[in-house]
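Structure first, commentary second.
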Amino acid sequence: MGTEISRIRVTDLSGVMRVEFVDKDILDESAIRQIASELVKRVEAAAAPRIVISFRGVEHLSSAALGTLITINSLAKKRGGQLRLSDIKPSIMEVFTITKLNKLFQIFETLEKAVEGFGGK
Amino acid sequence: MTSAPQSVFEGSVRLQENNKEIESVQASIEEILNQFNYGDTAMFAIRLSIEEAMMNGFRHGNLQDPTKFVEIRWRIDSQSANFHVIDEGEGFDPEAVPDPTLDENLEIPSGRGLMLIRAYMTDARYHNPGNHLEMNFRKGKSL
């Protein structure tokens with residue numbers, strides 16, 4: 001549906017797409033599907049997309065959300081770009097460690113540090 | 001007259017996919033866990049495990065048939081929390097799920113729910129034919 005309220009906030013600055021979540025729990029599957037389709041659309045519209053997804057304020061994350069991150073990561077790589085993650089609190093970081101996805105993703109302490117590494121500011 | 005505080009909480013509910021009631025079930029369970037001072041780590045573990053178990057039931061068990069139900073039952077006391085999540089599917093062999101942590105599987109976007117449940121709960125097992133997950137959390141469990 002085109003009238004759905006977006007579950008993410010996206011800012012394009014210095015050629016880096018910064019994504020933040022509206023909700024503190026990224027659990028609900030329909031919300032995750034909506035986030036995925038919005039992100040896929042944006043990544044597909046960009047040449048060599050540089051994206052930072054910040055988890056500031058996020059308290060819970062399900063495996064379906066991890067699946068979306070993997071999809072976005074693969075898509076960004078395929079298009080010659082890169083996905084970075086930031087602001088992951090320790091309890092959520094544990095989810096990444098258990099699933100060993102900390103090996104797959106480039107994870108930064110803060111959004112600013114992630115953007116810096118991209119050469120944006 | 002004052003009555004002794006309740007020492008065991010039991011309940012069950014049957015839900016269809018897209019039913020937002022899962023949120024209120026999670027909230028009720030959290031309230032019980034709070035009463036027994038389970039703590040934040042336990043609440044995180046249990047909330048995530050219930051979410052993953054219900055999702056698996058809807059998606060892989062009921063194959064997203066909107067007419068089918070997933071049932072959740074709980075029994076919680078001061079020391080342990082026990083859950084049963086039962087879907088209306090034909091069941092599956094949990095051993096057949098490929099290990100998502102292997103390097104060659106890291107980029108496969110699904111198949112992590114059960115491993116998270118196993119990591120966060122004290123124990124978790126499927127009853128035959130594989131449409132009935134039982135999971136337990138014992139207080140003091142650490143990862």
Side-chain angles (χ1 to χ4, degrees), chain A residues 1 4-5 7 23-37 39-40 43 53 55 57-79 82-83 85 88-107, chain B residues 15-27 29-30 39-60 62 64 66 70 97-121 124 141-143:
Chain A
M1 279 188 292
E4 278 171 334
I5 299 163
R7 312 308 321 159
D23 306 302
K24 66 180 176 56
D25 294 339
I26 320 293
L27 295 173
D28 178 68
E29 193 158 14
S30 63
I32 292 169
R33 270 200 299 268
Q34 192 193 330
I35 290 170
S37 82
L39 285 175
V40 164
V43 172
I53 299 182
F55 289 82
V58 173
E59 303 279 343
H60 292 96
L61 187 78
S62 70
S63 66
L66 295 176
T68 294
L69 295 176
I70 294 169
T71 303
I72 299 301
N73 186 58
S74 305
L75 191 60
K77 269 202 303 198
K78 206 168 87 188
R79 299 184 57 78
Q82 199 186 84
L83 169 67
L85 311 180
I88 300 176
K89 62 186 290 180
S91 56
I92 303 272
M93 193 60 209
E94 208 159 59
V95 174
F96 283 90
T97 313
I98 290 169
T99 53
K100 299 216 165 77
L101 287 172
N102 54 334
K103 293 202 294 187
L104 182 71
F105 294 117
Q106 302 224 34
I107 299 175
Chain B
L15 299 174
Q16 283 172 309
E17 202 177 8
N18 301 327
N19 187 328
K20 302 292 177 200
E21 213 182 314
I22 182 66
E23 253 318 301
S24 64
V25 171
Q26 291 272 28
I29 289 171
E30 243 166 56
D40 289 347
T41 310
M43 306 238 277
F44 181 94
I46 292 169
R47 188 186 181 97
L48 182 64
S49 299
I50 291 174
E51 189 70 34
E52 296 293 346
M54 296 295 290
M55 205 68 79
N56 275 348
F58 289 125
R59 194 199 284 182
H60 303 298
N62 292 350
Q64 293 182 306
V70 173
V97 179
D99 181 351
T101 64
L102 296 178
D103 281 349
E104 63 265 33
N105 294 338
L106 277 183
E107 296 198 56
I108 300 175
S110 63
R112 289 176 181 78
L114 184 54
M115 83 157 298
L116 287 173
I117 293 170
R118 284 182 166 144
Y120 278 103
M121 298 302 268
K141 143 94 178 160
S142 58
L143 280 174

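Residue numbering restarts at 1 for every chain, and letters A, B, ... go by the order of the sequence lines. Computed from heavy atoms alone, side chains included, the values below leave out hydrogens, waters and symmetry copies.
- Among residues two or more places apart in sequence or in another chain, the side-chain hydrogen bond (donor to acceptor under 3.5 Å, both in side chains) test is passed with A:S74 by B:E107.
- Ranked by heavy-atom pairs under 4.5 Å with chain B, the first of A:A64, A:S63, A:S30 is A:S63.
- Remark: B:R47 engages A:D25 in a salt bridge, criterion side-chain N to carboxylate O under 4.0 Å.
- Proximity to chain A is absent for every atom of B:L102, based on heavy atoms less than 4.5 angstrom apart.
- With respect to A:L75, the side-chain contact (heavy atoms from CB on, under 4.5 Å) criterion is satisfied by exactly one of A:L83, A:V40, A:I70: A:V40.
- Classification of the A:F55-A:F96 ring pair by plane angle, with boundaries at 30° and 60°, yields perpendicular.
- If you measure heavy-atom distances from A:S91 to chain B, the contacts under 4.5 Å come from both the backbone and the side chain.
- Salt-bridge formation is detected for the pair A:K89/A:E59: a Lys NZ or Arg NE/NH1/NH2 atom is positioned less than 4.0 Å from an Asp or Glu carboxylate oxygen.
- Counting all heavy atoms, side chain and backbone alike, B:M55 lies closest to A:L27 at CE-O, 3.5 Å.
- Using a 4.5 Å cut-off between heavy atoms, B:S110 makes no contact with chain A at all.
- Heavy-atom distances place the side chain of B:L48, and not its backbone, under 4.5 Å from chain A.
- Highest contact tally toward chain B, considering only A:V95, A:T71, A:L66, is held by A:V95 [criterion: heavy-atom pairs under 4.5 Å].
- Heavy atoms of A:L61 lying under 4.5 Å from chain B belong exclusively to its backbone.
- Looking at B:D103, only its side chain comes within 4.5 Å of chain A, counting heavy atoms on both sides.
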